[in-house]
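What follows is a short report on a single structure.
Residue numbering restarts at 1 for every chain, and letters A, B, ... go by the order of the sequence lines.
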Number of protein chains: 2
Amino acid sequence: MSDLLQRLRGRGWRMTSQRRVVAEVLDGDHVHLTADEVHARAARLLPEISRATVYNTLGELVSLGEVMEVSTDGRAKRYDPNAHRPHQHLVCSGCGTVRDVHPTGDPLADLPAEERFGFAVSEAEVTYRGLCPSCA
Amino acid sequence: MSDLLQRLRGRGWRMTSQRRVVAEVLDGDHVHLTADEVHARAARLLPEISRATVYNTLGELVSLGEVMEVSTDGRAKRYDPNAHRPHQHLVCSGCGTVRDVHPTGDPLADLPAEERFGFAVSEAEVTYRGLCPSCA
DNA sequence: TCCTACGATGGACGCAGTCCAAGTCAAGAA
DNA sequence: TTCTTGACTTGGACTGCGTCCATCGTAGGA
């Protein structure tokens with residue numbers, strides 16, 4: 001059983017086959033899937049799983065901090081299982097694929113106090129855009 | 001007549017009352033309105049304007065580079081009339097309001113070649129998140 | 001003034017996501 | 001092991017945001 005499932009059990013999750021399958025799909029390869037893609041992959045393992053359950057489970061994983069929600073364009077949100085190591089995203093303007101990247105430097109340091117307008121700024125999200133090798 | 005309308009006319013736009021009104025709404029105060037908000041304000045000036053027209057006009061303004069599309073959360077896109085001076089956005093996690101900010105430093109410089117994975121990276125979008133004074 | 005191609009209209013449609021009432025079942029209690 | 005119960009799942013309806021399309025209207029050149 002994966003680390004993820006163990007952590008979830010430790011947090012008092014009732015372990016159902018649906019939740020196990022969703023966690024397994026996310027844990028698999030570190031791609032950034034949409035909810036529908038997660039549903040499609042989960043359904044290959046557990047044909048009767050419903051969309052609502054996938055949405056519920058993803059939402060719980062996000063609020064537990066186990067998964068990151070990424071909205072790169074105005075379309076479907078993507079789910080990033082790599083929530084424990086801070087990182088930013090590189091998005092292909094052609095095909096929409098998303099890669100994790102680890103820039104040097106802290107964008108928060110680039111925002112001087114007089115540009116914060118009294119906000120309590122807590123995080124900076126950076127999205128790099130460009131064309132991936134196959135789209136270029 | 002505003003600069004915006006003059007530029008549009010110079011680009012061969014057919015000047016209709018609908019387009020004039022949408023441009024006027026965006027040119028007004030530099031808030032970041034959703035398409036629906038633009039429609040509502042436009043309808044105060046021209047009651048019969050349709051949603052489709054507002055969406056079309058906003059789309060054209062974006063592709064002409066006169067307006068920026070900002071999607072801060074997974075919900076409705078917002079339209080930023082300040083497209084000529086490069087800037088980033090500061091979003092309140094409480095109420096969702098968006099402010100333009102001008103950070104020092106270039107986030108592109110923080111992404112080393114070995115983190116670009118062969119992508120032709122052309123831009124970096126930074127979203128700062130935090131609580132605004134009234135939400136804190 | 002007339003013509004016509006570009007733009008506006010509004011209603012249907014599609015996708016992403018949420019909600020809800022009813023049914024199911026994981027896991028602790030006995 | 002079986003019972004019990006409340007947490008979880010289901011699927012279908014619904015909402016919000018955005019797009020599409022056939023038809024109608026009109027800006028602006030001839």
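Atom CG of B:Leu61 and atom C1' of C:dG7 are 14 Å apart (whole Å). One interatomic measurement links the two molecules: CH2 of B:Trp13 to C1' of C:dG7, which rounds to 11 Å at whole-angstrom precision. Atom CE of A:Met15 is separated from atom C1' of D:dT9 by 15 Å (rounded to the nearest Å). A:Arg19 places its CZ atom 12 Å from the P atom of C:dA26, with the value rounded to the nearest Å. Rounding to whole angstrom units, CG of residue B:Leu46 and P of C:dG10 are separated by 11 Å. If you take CD of B:Glu37 and P of D:dG18, they are 11 Å apart, rounded to a whole angstrom. Distance CD1 (A:Ile49) to P (D:dG11): 11 Å, rounded to an integer number of Å. The distance from atom CZ of B:Arg78 to atom C1' of D:dC17 is 13 Å, rounded to the nearest whole Å.
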Query raised in the report: Given A:Glu115 and B:Leu90, is the side-chain contact (heavy atoms from CB on, under 4.5 Å) satisfied, shown in steps?
Result: CA-CA 9 Å; A:Glu115 281 285 314; B:Leu90 173 55; over 6 Å; no
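Within the 4.0 angstrom heavy-atom criterion, base atoms lie near B:Ala52. The residue B:Thr53 sits close to a base: some heavy atom pair falls under 4.0 Å. Within the nucleic acid shown, B:Arg51 comes within 4.0 Å of at least one base atom, counting heavy atoms only.
In this structure, a donor-acceptor pair under 3.5 Å is present between the side chains of B:Asp80 and B:His89. The closest side-chain donor-acceptor pair between B:Asn82 and B:His32, if any, does not fall under 3.5 angstrom.
Contact annotation: A:Tyr55 does not reach the phosphate of C:dT18 (side-chain N/O to OP1 or OP2, under 4.0 Å). Taking side-chain N and O atoms only, B:Thr16 has a distance below 4.0 Å to OP1 or OP2 of C:dA8. Phosphate contact (OP1/OP2 of C:dT9, side-chain N/O of B:Gln18, threshold under 4.0 Å): present.
With hydrogens and angles ignored, no donor-acceptor pair under 3.5 angstrom links the side chain of A:Arg14 to the base of D:dC8.
Nearer to the 5' terminus of DNA chain D, by closest-nucleotide assignment, is the contact made by A:Val54 (compared with the other of A:Val54 and B:Arg75).
Closest contact between the side chain of A:Ala35 and the listed nucleotides C:dG10, C:dG17, D:dG18 involves C:dG17.
Side-chain atoms of A:Glu69 and A:Tyr79, non-hydrogen and from C-beta on, do get closer than 4.5 Å to each other.
The closest donor-acceptor contact from the side chain of B:Glu66 to the backbone of B:Leu61 lies at 3.5 Å or more, if one exists at all.
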